[in-house]
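Below is one structure, written out as structure tokens; comments come after it.
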Amino acid sequence: MVPLAIAFLVTALLYASVGFGGGSTYTALLALAEVDYRVLPLLSLACNLVVVAGSTVRFARARVTPWGRAMLLTAIAAPAAFLGGLTPIAEQGFVALLGTSLLFTALTMMLPVAKRPEGEGEGERGRVARYAPLAALPLGYISGLVGIGGGIFLAPLLHLVRWDSARAIAATASLFILVNSLFGLAGQVLKGGEGRFAAAVDLGLPLLVAVAIGGQIGSLLALRYLPQRWIRWGTGALTAFVGGRLLLNL
């Protein structure tokens with residue numbers, strides 16, 4: 001348990017430093033530790049909630065969250081996350097989907113953040129960005145199914161279409177992860193019943209403490225010390241390694 005808790009702390013530190021929850025990597029670490037795959041999403045989504053709750057509040061207090069547009073994306077994704085949590089899935093399919101998700105996650109972490117070109121008007125940006133909500137539905141469903149928040153995929157997409165400023169996108173991704181994790185967790189609890197929930201509680205407390213500490217340290221590093229590009233590449237390398245290990249073990 002101690003090595004697993006340390007791994008969770010490091011994961012939370014890295015992901016929080018770039019504004020994400022880390023649910024996909026928590027799930028993969030638990031899978032590599034041979035924890036019952038049916039319990040994994042419960043633990044990962046709970047850890048997501050712990051890590052991104054503080055970020056969401058900080059963004060709200062700083063008044064950088066574009067509430068109307070962010071709530072539209074979240075409202076589309078949340079019911080799908082709940083359905084994903086309710087959906088039964090075989091272990092091999094679960095691990096394959098999770099490993100693939102991790103490799104895509106690593107790719108998105110290593111891609112450069114697209115910046116809005118100088119001179120681009122609001123109308124030009126809006127014509128492209130208006131289609132962003134179409135991605136919320138599948139991202140929400142995957143979030144609930146395998147225990148990720150979905151923000152790690154949403155944020156690069158929003159940057160690609162120049163949906164808003166970098167801070168507004170980070171705030172939106174944080175809210176997206178928070179709500180999807182909550183709805184996905186509700187679906188997982190209903191699917192698994194009291195026995196699976198009790199097993200998750202027994203295993204999860206040290207891990208929740210670890211991600212709470214790691215999340216706070218990650219936020220501090222992001223604000224004061226480390227360049228964002230270094231953190232993103234380090235996080236991407238960790239995610240690619242874990243995802244590759246999962247797929248090789250199939």
Side-chain angles (χ1 to χ4, degrees), residues 1 3-5 7-8 11 15 20-49 51 76-109 134-154 176-177 179-205 207-208 211 236 238-250:
M1 177 57 68
L4 189 59
F8 268 54
T11 300
Y15 275 89
F20 300 122
S24 52
T25 302
Y26 303 139
T27 306
L29 290 169
L30 290 165
L32 291 173
E34 299 184 349
V35 175
D36 184 349
Y37 84 98
R38 294 167 297 181
V39 177
L40 307 190
L42 289 165
L43 292 169
S44 299
L45 293 169
C47 289
N48 261 357
L49 289 171
V51 174
I76 293 171
F82 180 74
L83 291 175
L86 285 173
T87 304
I89 183 171
E91 182 172 9
Q92 189 169 13
F94 175 86
V95 173
L97 181 58
L98 176 61
T100 303
S101 298
L102 280 164
L103 293 181
F104 274 109
T105 297
L107 177 62
T108 61
M109 295 297 293
L134 296 177
L137 196 66
L139 290 181
Y141 184 78
I142 293 173
S143 298
L145 184 64
V146 298
I148 62 175
I152 195 77
F153 300 123
L154 179 70
F176 191 82
I177 294 166
V179 177
N180 278 344
S181 296
L182 184 61
F183 275 75
L185 183 60
Q188 290 286 344
V189 170
L190 288 176
K191 178 175 69 177
E194 294 181 4
R196 200 173 298 166
F197 179 73
V201 170
D202 289 341
L203 180 61
L205 185 57
L207 303 179
L208 291 172
V211 299
L238 170 66
T239 305
F241 171 75
V242 176
R245 281 282 305 275
L246 275 180
L247 293 176
L248 287 174
N249 289 344
L250 279 174

Which residue pairs satisfy the side-chain hydrogen bond (donor to acceptor under 3.5 Å, both in side chains) criterion with at least one member in [range], sequence neighbours excluded?
range            : answer
residues 81-96   : T87-Y141
residues 27-41   : T27-S44, D36-R38
residues 142-151 : none

Which pair of heavy atoms, one from [X] and one from [Y], lies closest together, and at what distance?
X    : Y    : answer
L145 : F94  : O-CE1, 3.9 Å
L102 : A28  : CD1-CB, 3.2 Å
A78  : F183 : O-CB, 3.5 Å
L103 : G244 : CD2-N, 4.0 Å

According to side-chain contact (heavy atoms from CB on, under 4.5 Å), who are the partners of [X], at least two apart in sequence or on a separate chain?
X    : result
A186 : F82
A31  : L40, L246
L137 : I76, A80
A96  : L250

Going from CD1 on I89 to CG on L98, what distance comes out if it is rounded to the nearest 0.5 angstrom?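 Going from CD1 on I89 over to CG on L98, the span is 9.5 Å.
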
Using 0.5 Å steps for rounding, measure from the CZ atom of F153 to the CG atom of L139.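 Taking CZ in F153 and CG in L139, the distance rounds to 7.5 Å.
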
With the side chain counted from C-beta on, respond yes when [X] and [Y] share a heavy-atom pair under 4.5 Å apart, and no when they do not.
X    : Y    : answer
L30  : L207 : yes
L97  : S101 : yes
V51  : Y15  : no
L29  : V35  : no
I148 : I142 : yes

Can you tell me if N180 uses its side chain to pair, donor with acceptor, with the backbone of G149 under 3.5 Å?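 Yes, the answer is positive, given that a donor and an acceptor are paired below the 3.5 Å cut-off.
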
Which residue in the set L43, L86, L42 passes side-chain contact (heavy atoms from CB on, under 4.5 Å) when paired with Q188?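 Checked L43, L86, L42 against Q188; only one passes side-chain contact (heavy atoms from CB on, under 4.5 Å): L42.
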
Using the test ring-ring contact (aromatic ring centres under 6.0 Å, His included), find all partners of Y26 that sit at least two apart in sequence or belong to another chain.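 By the ring-ring contact (aromatic ring centres under 6.0 Å, His included) rule, Y26 matches F8.
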
